[in-house]
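Down below is the structure, laid out as structure tokens.
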Amino acid sequence: MTSWRVSPDRELLIRQWSKELVVYDCRTGDTHLLEELASQVFLLLKHQSVSSKAVVDHIAAHFALEMDDDLVSEVHAILENLAFLSLIREI
Amino acid sequence: MLDVSSLPSADIGYRLKSSGVYLRIGRFTVHIRSEISSLFHALTLLYKDYPMSFDAEFADFHVRVTRPLNARRWLRAQAVFMCDGVSAFKPLPLSQAYPMLEWGLNWCISGHAHGYLMVHAAVIEKDGKAVIMPAPPGSGKSTLCAGLISRGWRLLSDEIALIRLEDGELVPHPRPVSLKNASINVIRSFAPDSVMSPVVNDTVKGTVCHVRPPRDSVLRFDETAIPAWIVFPKYEASSLPQLTPVPRAQALIRVADNAFNYSILGRKGFETLARLIDRVECHNLTYSSLDDAVEVFASLGSQDVSHAA
């Protein structure tokens with residue numbers, strides 16, 4: 001089972017306004033805008049490793065969403081995207 | 001320093017051609033040399049309220065607009081812009097000498113003034129609160145800016161917002177407002193008392209001219225301003241005026257996209273911009289008439305708009 005967490009070796013500056021995050025990666029100079037769903041995933045993984053399943057469960061509970069294949073796909077896509085941006089990594 | 005209008009124009013003309021003049025523009029001192037008469041005329045018309053001297057210990061930029069030394073000095077005559085003795089751009093027709101000076105100064109500042117976070121934006125201020133209007137070319141930013149300053153707003157800049165890194169305050173850099181194509185007649189009608197440079201045709205931007213800033217804006221060049229709003233303007237023909245909130249996170253990204261040196265400043269750029277976003281309200285503005293836009297700006301602060309944080 002894949003687990004994820006925010007890359008501990010990256011210096012990231014984070015600002016939150018309402019439900020969106022802006023994350024600045026000090027190493028690359030990239031600035032990322034995370035919409036609501038991606039922000040929740042990122043915040044969940046900020047200080048702990050969480051399995052993919054547990055991320056989906058958390059998002060479903062947080063947003064009161066039905067647990068279905070669409071939600072699972074969407075959360076997995078977010079995880080892959082955040083990993084592609086090197087903001088999170090597999091543990 | 002005396003201002004340009006206080007100095008004998010023959011002396012200015014002579015100095016401009018020889019050892020140059022020192023013009024104080026906001027926080028910058030610019031040393032200018034040129035033998036081109038159209039530039040001299042534009043300078044004395046549009047910069048008449050600016051401090052100028054014939055001697056100074058320091059200049060931020062040493063610029064020269066001159067004819068090239070080759071055949072194009074006379075044949076289909078051209079002008080070149082030089083900064084610190086280096087030619088920065090391709091030559092342009094001699095008739096474009098004055099706009100070339102303005103474009104060249106934009107290049108000087110946006111390429112070098114890294115003590116500020118610089119955003120491609122107009123900045124205006126009234127009653128101690130400033131509005132930053134970031135916008136790509138063609139959005140109507142300068143036309144809107146020219147309209148607003150004719151209705152009592154102070155001009156800090158029509159092109160480059162200078163945001164001080166230490167405290168996020170806006171540093172004035174008031175220069176003639178650049179208008180192009182249809183906007184020239186729009187401002188002629190809206191503000192018939194505006195003083196404009198002669199129109200120059202066939203530039204890369206089309207037909208251009210520049211509007212002299214209000215004297216008050218020039219004289220207050222040392223007075224910083226506190227940002228209160230970011231407004232992203234968009235001209236849309238026949239539209240009703242609409243001011244809608246922009247979520248702050250999205251506004252940060254859009255301002256960063258319009259910043260000249262956000263990447264160069266790195267972490268400091270991000271922190272300065274984040275602090276700015278913290279303290280302002282952010283809106284989109286769609287408008288089709290300057291009268292409507294002036295009304296909207298007059299009501300900023302009293303708008304019953306719940307900000308989308």
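Convention: sequence-line order gives letters A, B, ...; per-chain numbering from 1. Computation of the quantities below employed the complete heavy-atom set of this structure, encompassing side-chain atoms and omitting hydrogens, waters and symmetry-equivalent molecules.
In this structure, B:F28 and B:Y116 have perpendicular ring planes: the angle between them is above 60°, well past the 30° mark.
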Contacts under 3.5 angstrom, residues 269-278 of chain B side chains, donor-acceptor by atom type, not counting sequence neighbours:
unit_1	atom_1	unit_2	atom_2	d
B:E271	OE2	B:R267	NE	3.1
B:T272	OG1	B:K268	O	2.7
B:R275	NH2	B:L165	O	2.6
B:D278	OD1	A:W17	NE1	2.8

Which atom pairs, one a donor and one an acceptor, fall under 3.5 Å between side chains of residues 251-260 of chain B and the rest of the protein, sequence neighbours left out?
unit_1	atom_1	unit_2	atom_2	d
B:R254	NH1	B:N284	OD1	2.9
B:R254	NH2	B:N284	OD1	3.1
B:N258	ND2	B:R254	O	3.0

Distance-only criterion, 3.5 Å: show the donor-acceptor pairs between side-chain atoms of residues 83-91 of chain A and protein atoms not counting sequence neighbours.
none

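Within the 4.5 angstrom heavy-atom criterion, only side-chain atoms of A:E11, from C-beta onward, approach chain B.
Contacts between residues 125-134 of chain B and chain A, defined by a heavy-atom separation under 4.5 Å, are made by no residue at all.
Two rings, from B:W107 and B:F89, have their centers less than 6.0 Å apart.
A distance-only check finds no donor-acceptor pair linking the side chain of B:R220 to the backbone of B:L156 [under 3.5 Å].
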